[in-house]
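Here the structure is laid out as structure tokens; the discussion comes afterwards.
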Amino acid sequence: MSGESIRITINGKEYEVEKGMPLGELFKLAGVKKAIGGKLGDRILDLQSPVTEPGEIKPITRKDAESLEILRHSLAHIMAQALKEIYGDKRVHLGVGPTTEEGFYYDVEVEGHSVTEEDLPKIEKKMREIIKRDYPILRHELSREEAVKLFKELGEKYKIDIISKIPPEEVISVYKQGDFVDLCRGPHLPSTGRAGSFKLTSIAGAYWMGDSSKPQLQRIYGMAFWDDKELQERLRFYEEVKKRDHRRLGRELEFFTIDENVGAGLILWLPRGATYRRIVEDYLREQHLKRGYQFVYTPHVGKSKLWETSGHLEFYKENMYPPMEMDNETYYVKPMNCPFHIAIYKSKVRSYKELPVRLFELGTVYRYELSGVLHGLLRVRGFTQDDAHIICTEEQVNDEIKNALTFAMEVLKDFGFNEFKVFISTRPEKSVGSDHQWEVTTQALMNAVRELGLNYEIDEGGGAFYGPKIDLKVKDTLGRYWQLSTIQFDFNLPERFDMTYVGEDNQKHRPYMVHRAMLGSIERFTGILLEHHAGLLPVWLSPVQVAVIPIADRHREFCGKVLQRLKSVGIRAELDNRDERMNAKIRDAELKKIPYVLVVGDREVENGAVAVRGKKEGNLGSMGIEEFIRFLQNKLEAKE
RNA sequence: GCCGGCGUAGCUCAGUCGGUAGAGCGAGGCACUCGUAAUGCCUAGGUCGCGGGUUCAAGUCCCGCCGCCGGCUCCA
């Protein structure tokens, strides 16, 4: 101890204490009870941690979210100890064991054994034993040499690796519980008996230090909360996520399929999914035309020269499909649409009077993705973007950004997304473009979000090397955020392709270019949308909006008329004429998540009516046919 | 791509110690004519992902490939 003193504030009172005093003693001094740790700045300290920095310390009790950090940290150690007891001290080599958003994991290597899911209950059982033994968890500080010696003796090769990466000025500490000792900065519980409710959930491979050239360890994941109720809630949440899995919904609703004979990551849209997609695409075209975009089509392949000019072959090659040779030329399948849109821009001399030029395409691109990352519709190798490029003058930059951002949010709202997060990414260290360009455009992005009254976060230096951007994330029903829209400036391609326009001064000028997608990839968006709505899409997007169900054969004729009437006003309806009982048909319609079921029996035929059953609303009783049509059209209008 | 797990009927899954394939749902047929989430009976349906190996014998054991799942990694 240095004998130095520092000023600490706890609960509004200031204390002058010796530097390095453990937090627990400090709390005693301040009369703080029940706390299991404290927060100083961003750092969470446990009761044994020495306090070496002045400042205000916020006591943390089990009620504070930060306390979970302590709990989870200790559970990671308890799991490590359990592994060592089960597989033997020398066989288990520990990597890192941090906390996650809802639990913890530990990267471990068990010599001669691959831990499987079946081992988890056994490990859990051992953990509970250790908790029951209620070992005190003790903190010790060691010199670097002592630490290296200790972990060498323990055969903990990875820990030695970590020690070598700890900055020299930092204190090295270990935490000990029973015979188990682990390199750790903390924070930890006072004893293992204080651990809350947990469950080991899964196992995955993870490279040491995230480096694929280094050995791969096994990452054992756990979930942990103080309260068993919270844990159960979390587990239920995962059940819900599983139920809503778009891959399952996609099959049940007959939206899409992936055939291994066609290829991994390549989507086949089934008739129902294709109907939905056509509606989305028609909607997008209409919205774009309304807002002054011009619709274009471009090819799926282009010569290597094009991709050289664009820089894709230099920077994006590992994501591109391999080249195709023909006529002494090399062609590549497009991973992006931009070079083609630029070629369209350059197909004639452009005057400033034409700008802004807004080119829109539902462009299908192919990108090579590692086989291990493919995931239903969310990660694919071929997909269609709602891609646009806006080419404009500097004066137009502000309005264009604002319009694009408003446009994106309006569109997303129509699909049922109402909560957004906006991220602005600014200039990274390595970048192209002038200071002036970055200044003007970054400002335009900020102005747009401010004028629209949106909250936003800034990702300082997080922009692409070619320009700043705005990303829009939407929150889904389960509280997850998905990045969909992106609006990005590009100072690179206009240079590379020498894009120009003729200004008022009769001189050539370099235009500004913006890449912009709203839904991003229609495939990925569809996956997110299906999960967001749990498969029950808003009526305007449902491939089948109405199922007409006759109760008995004698009602079929009337049902045919109802069907024709619905179709004549553009309602997507199906008549279930199968030789099945009414109840079975209703059940099938429910399972297919058809928004409205019209049941027709003697009473309806007599009154020219239909009995309406809404998927969301339940039985709505009898309505005249025209009345039902108006009812449905109102919902369509409102995009409910 | 890497680690681990998995691949059996359209779907979900069972299949013991290696002895030659099973259920439910779905599909087809017949009967039933029904009032808001499954009517009954009958029938068909399989190169056990693909290729190779071990064995008298392989869905089962071994090797390679493909695909899927969970992660890692990547996402100028």
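Note that these values count all heavy atoms, side chains included, but never hydrogens, waters or copies made by symmetry.
- Counting any heavy atom pair closer than 4.0 Å across all strands shown, A:Asp602 reaches a base atom.
- The environment of NZ in A:Lys305 is sparse: at most 12 heavy-atom neighbours from other residues, nucleotides or ligands sit within 6.0 Å.
- The residue A:Arg219 sits close only to the backbone: its heavy atoms come under 4.0 Å of sugar-phosphate atoms, none of a base.
- Residue-level contact check: A:Glu580 touches the bases, meaning some heavy atom is under 4.0 Å from a base atom.
- Within 4.0 Å of A:Asn583, counting heavy atoms only, lie sugar-phosphate atoms of the nucleic acid but no base atom.
- Aromatic ring orientation, A:Phe491 versus A:Phe489: parallel (interplanar angle below 30°, classes split at 30° and 60°).
- Each of A:Gln218 and A:His515 was matched to the nucleotide of RNA chain B holding its nearest heavy atom; the match closer to the 5' end belongs to A:Gln218.
- Across all strands, A:Asp579 comes closer than 4.0 Å to base atoms (heavy-atom distances).
- The base of B:G10 has none of its N or O atoms less than 3.5 Å from a complementary donor or acceptor on the side chain of A:Glu254.
- In this structure, A:Ala464 reaches neither bases nor backbone, as no heavy-atom distance under 4.0 Å exists between it and the strands shown.
- Nucleic acid contact class of A:His375 (heavy atoms, under 4.0 Å, all strands): sugar-phosphate only.
- Base contact: A:Lys615 has a heavy atom under 4.0 Å from a base atom.
- A:Tyr466 comes within 4.0 angstrom of a nucleotide base, judged by non-hydrogen atoms across all strands.
- Nucleic acid contact for A:Arg379: base, since at least one base atom lies under 4.0 Å from a heavy atom of the residue.
- In this structure, A:Tyr105 reaches neither bases nor backbone, as no heavy-atom distance under 4.0 Å exists between it and the strands shown.
- Where A:Arg603 and A:Ser310 each meet RNA chain B at their nearest nucleotide, the meeting point lying more 5' is that of A:Arg603.
- Nucleic acid contact for A:Ala589: none, since no nucleic acid atom lies under 4.0 Å from a heavy atom of the residue.
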